[in-house]
Every structure is written in C-alpha cells, then in structure tokens.
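Numbering of ligands and ligand atoms starts at 1, following listing order.
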Amino acid sequence: EIVDARGQILLPGFVDMHTHLREPGREDTETIESGSAAAALGGYTAVFAMANTDPVADSVVVTDHVWRRGQEVGLVDVHPVGAITVGLKGKQLAEMATMAAGIGRVKMFSDDGHCVDDPLIMRRALEYSSSLGVLIAQHAEEPRLTVGAVAHEGPTAARLGLAGWPRAAEESIVARDALLARDAGARVHICHASTAGTVELMKWARGQGISITAEVTPHHLLLDDSRLETYDAINKVNPPLREKSDVDALRKGLADGVIDCVATDHAPHAEQDKCCEFSIARPGMLGLETALAIIVDTMVTPGLLDWRGVARVMSERPAQIVGLSDQGRPIEVGEIANLTLVDPNASWTVSGKKLASVAHNTPFEDMTFSSKVTTTVLRGQITVRGGVVANRAGE
Ligand code: NCD
Ligand code: ZN
Ligand code: ZN
Ligand code: ZN
C-alpha cells in the first residue's frame, strides 16, 4: 500500500495519558468506538481512558472490558486507567494489583474527575503503587478551595461575577503530593497543570530529587480567561482557563522539559450540559482531534519546540512515564511502526459537528489551524488515511 508523504512530517504515534471516553455509562456523549476514531484522527496510537465512568473503573471487570473493547475496535490501544479508590471519593483503596494483573494490564491509577481529597488515601495509594510498579496520576485540586468555584480566581472572573477557583487549589496539592511521593519513595504524575506556580513547584520538586512528572493540555497552552467575557460555558473546564501569564509559563515549562508532556483531557459532554449557565454547566472540552494543530500553533510556530520536541512531548515522554514497553513507544529501527504523518501546510477550520466524537463540545469551533494529521499507523496497519478513518474491513 502506498502513502503519499510528500511535504509531510513523520512522527512516532502519539500517546495520550488523559482521555475521557465515557464508556461505560455515558455512551450518549462518547463511546470507545467513537473516541477511538477521534484518537486515530488526532494521530494517537495509544490513549489512557480515565476511570470516572459509570460504573467507575475500580475493578478488573471494568478495566478489562475497556481494554477488550478498544482492541475490538482496533483503531488505537485503549489502556484503562484504574480508580484509586472504590467508588467516587471512596475511603477504601481499589484492588490495584488485580487490575494490574488483568488483561487490561492497568499501569496507571487516577482520581481524575473524582478527586481524592483525603491525604491519607493518597499516602497509602503512593506507598502501594511503588511496590506494584504502577503510576499514580493526580487531578491536583483541593476541593475545599473550589466549592462553588467555576472560573479562575482573577480580575476577569471578579468583574463577571463568577465564583473564583484559586491557583492555590492546584498548587497546594502539587506540593502535598510531591512531599508524599518523596516519603513513600513513589512516583506521582500531575494531571493538567494550569498555573505558573505549578511550573515553579515542579522545578523545586525535581531539584529535591522527587520522582514527579506533569502534563499540560492543549487548551491551557492556547486559551486564557479572556474567553469568559461571553459567559459561554463551552469554556468551562477543570482546572479553569487562567491568565496570559500562566499560559506563557506553561509554554516555557513544556519547552524546557519542566512539564513533561501534552495530554488532552478530552472530556465529551452532552449539549444540554454545556449550553446552559456557566455555574451549572459541566466542565470539560473535546481535545483529541485538535491537539497536534494546537501544539504546532502554540509551540512550534513561536519557536519554542522543533519537530523533535513535538515527538518528545506527544509520544516519547508519555510512553516513558506510564511505562508502555510494547505499545505506543517511539519508533525504533527494526520494529513494527506506530506512526503519524502531519501535513504542516494544511489550512483547516474546526467544526464540532464534523468531529468523530459523539459530543460536539469543542472550544475551538471556527478556528483555523495550519497543521493536520493525515495518516496514522498502528502496528503497521493504517488507521487513518488522507485524514479519514480507514475502513478496517477493506484493509
Ligand atoms: C473531566 C471530565 O469531564 O470527566 N472534566 C474536566 O473539566 N477536566 C473531569 C475532571 O478532570 O474534572
Ligand atoms: Zn481532572
Ligand atoms: Zn480529566
Ligand atoms: Zn451539538
């Protein structure tokens, strides 16, 4: 089979450490099938499906289902993320060992979307994780500081009368869990870093020799809280869009390697949960199909990253952090390829209705980008050709 790659950039298949696929439980917003298509179109060959499904992915029954369904669909490896606790904000640790030993081989456990606010639970999870050799990923929000909060706590939110979510809600947990990881001799991964202070804390923790890594989302690299002027709930997200100074610090942190990688936090939501008042709308944005284009616009175009750097933050670092040994890792000579081709001169305009996700909640509607994934290859099989999902039956 011939792929016309003239003028295109070859990259290793992308790895997303943070995707919400909503199956089981909210198939009206995303399924493993629709989310896999979105991932492949975004250039991904591996995604990590977050645990805040219904039922919660706190048992091997759910995590094995997620892996098996992803393999059935066959467009991207869907690695299940296990929940740290049994149930939402549970007081009991989930059976991580059982999930790690299942067919889904759970490598990462998270509290994302159901904040572990109890430091003792986090301490026990970190201690347990180091003996199991799995990763704990932290949503980094002190919920007692964000009760009723919907937007970044700053002048814009104050003027608009929106309840403010302080930077301290994130930074206090980053600091707390860095120290807990140090004491437990464990690794901790910070989800969706959003503040300049988190970048400073990462530098500090690394300087102390603490095993801590962090991701940043494309939307936190592109958008700031000036978006709130319209009160459009499409811009509501956890953590909130922050100020321009935070955006600049996150870009610089990613360029310097203080922030390790990009993760989408792809969060589909139903129309009625986004087209309503800011205060009652659900937080979250679609991210899989637009991630690469945004990284090019925010990092490559301003000269903060070269294409080698794109490979690092979109594929190599996430694969290393989560310990993908047999899938989704960088291209090596002599191996079956997971790869992505990018057209750096493709002008395209985002339309939520045309995205592969069931939900349409993109904050990038009508924005035009210059780079687009044209081809994705999973273990030598083409999953996307000419920017369209390949017909698996016709391969
Ligand atoms: C996430 C979701 O919708 O599941 N939403 C979000 O705004 N990032 C959960 C979360 O991380 O809070
Ligand atoms: Zn989160
Ligand atoms: Zn999330
Ligand atoms: Zn819609």
Is the count of non-hydrogen atoms from other residues, nucleotides or ligands lying under 6.0 Å from [X] atom [atom1] greater than 12?
X	atom1	answer
Q208	CD	yes
E27	CD	yes
E365	CD	yes

* To do: Salt-bridge test for E127 and R123: reply yes if a basic N is under 4.0 Å from a carboxylate O, no otherwise.
  => yes
* Asked: Between D248 and K252, is there a side-chain N and carboxylate O pair less than 4.0 Å apart?
  -> no
* **Under 2.8 Å from the Zn ion (ligand 3) - protein N/O/S, by chain and number** => H18 NE2, H20 NE2, D112 OD2, D265 OD1
* Apart from V150 itself, residues in the same hydrophobic cluster as defined by side-chain heavy atoms under 4.5 Å -> L160, L162, L228, Y231, F278
* Other than W165, which residues form its hydrophobic cluster under the rule that side-chain heavy atoms must be closer than 4.5 Å? -> none
* Asked: Should V78 and V106 be counted in the same cluster of Ile, Leu, Val, Met, Phe, Trp and Tyr side chains packed under 4.5 Å apart?
  -> yes
* To do: Check whether any side-chain N or O of D246 sits under 3.5 Å from a backbone N or O of E243 as a donor-acceptor pair, and report yes or no.
  => yes
* **For ligand 1, the residues whose heavy atoms come within less than 4.0 Å (ordered by chain, then number)** => H20, R22, N52, D112, G113, H139, H192, V237, N238, D265, A267, H269, P283, G284
